[in-house]
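Remarks on the structure that follows.
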Amino acid sequence: LKIPAGDTEFEPEYAFNPVNIIGFQNSVAQICTGAIYDQNGIAYAVMTAEPDVPRVNELLALLATGMITDAEFNELVGLVTNSPNMKWTRMDLNAQTAEVIGGIPSSAGFVYPFSYKYDGKLYFQVFNPGAGANGYYEYDPETNSSSSVYNVAEGGVATQFFILQE
């Protein structure tokens, strides 16, 4: 949805699904969250950007036939919402394009998709226990480069990021 600058109504002909643009229109759940606006129509979000794991289809078949147990249903919900199959993505809202940002691991984006902007750079939370990623990555849009800022090895999920100026 889009509300043009200076207007109060949605622009009815505007339709942009960045998950489709990056090629995952057949995913069980198309998730795009944690969005942050940068400037000049450029925004960033973590979104579905990897195929569903095969177990999702197995569980959906059980659901469709009414044969799914409560435990299997909970497993399905967990796989769809918490699997690290999401990637931080740059979106051009005017051109309606989207591209995955390189150098940042996949994340379970539906869990904790925090993003921040500071001093021309963007900071994206990544949570992927299987890859040992639990922290923040810095993305520099000027150089189109990413690097890990910090990673928490144990003790919980890294959810917030503050840059203190003293």
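All figures in this text were calculated on a predicted structure; none of them were measured in a lab.
Contact check for V100 versus W88: no side-chain heavy atoms found under the 4.5 Å cut-off. Within the 4.5 Å cutoff, side-chain heavy atoms of V80 are placed close to those of L76. Considering only heavy atoms from C-beta on, P12 stays 4.5 Å or farther from Y14 through its side chain.
In this structure, I3 CD1 and F10 CZ are separated by 4.0 Å, a value rounded to the nearest 0.5 Å. Considering CG of N40 and CG of N94, their distance stands at 8.5 Å, rounded to 0.5 Å. Note: L59 CG to R55 CZ = 4.0 Å, rounded to the nearest 0.5 Å. Between the CE atom of M86 and the CD1 atom of I31 there is a distance of 5.0 Å, given to the nearest 0.5 Å. One distance of note links CG of D52 with CD of E58; it measures 12.0 Å at 0.5 Å rounding.
Between S115 and G34, the shortest heavy-atom distance links the atoms OG-O, 2.7 Å. Residues I21 and F16 share a closest heavy-atom pair of CG1-CE1, 3.7 Å. Considering all non-hydrogen atoms of both residues, P113 and V46 come closest at CB-CG1, 3.5 Å. Residues K87 and T89 come closest through the heavy atom pair O-OG1, 3.1 Å. Minimum interatomic distance between M91 and P18 (heavy atoms only, all atoms of both residues): SD-CG, 3.5 Å.
The aromatic ring centres of Y123 and Y139 sit 6.0 Å or more apart.
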Please evaluate residues E142 and K121 with respect to the criterion salt bridge (Lys or Arg N to Asp or Glu O under 4.0 Å), reporting the C-alpha separation (whole Å), side-chain torsions for both, the decisive distance (0.1 Å), and the verdict.
CA-CA 9 Å; E142 291 295 317; K121 296 189 172 102; over 6 Å; no
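In this pair, Y116 and Y136 present their aromatic rings tilted. The plane angle is within the 30 to 60° band. Ring geometry for F161 versus Y150: interplanar angle under 30°, hence parallel rather than tilted (30 to 60°).
Side-chain contact check for T69 and E72: at least one donor-acceptor pair (N or O, by modelled atom type) lies under 3.5 Å. Between S106 and E50, the side chains place a donor N or O and an acceptor N or O closer than 3.5 Å (distance only, hydrogens not considered). Side-chain contact, Q30 with N20: a donor N or O sits under 3.5 Å from an acceptor N or O.
Other residues, nucleotides and ligands contribute only 12 or fewer heavy atoms inside 6.0 Å of the CZ atom of F73.
I22 is not connected to I104 by any chain of hydrophobic side-chain contacts under 4.5 Å among Ile, Leu, Val, Met, Phe, Trp and Tyr, and they are in different clusters. Residues V126 and Y44 share a hydrophobic cluster, clusters being chains of Ile/Leu/Val/Met/Phe/Trp/Tyr side chains in contact below 4.5 Å. Linking ILVMFWY side-chain heavy atoms closer than 4.5 Å, directly or via other members, places I68 and V56 in a single hydrophobic cluster.
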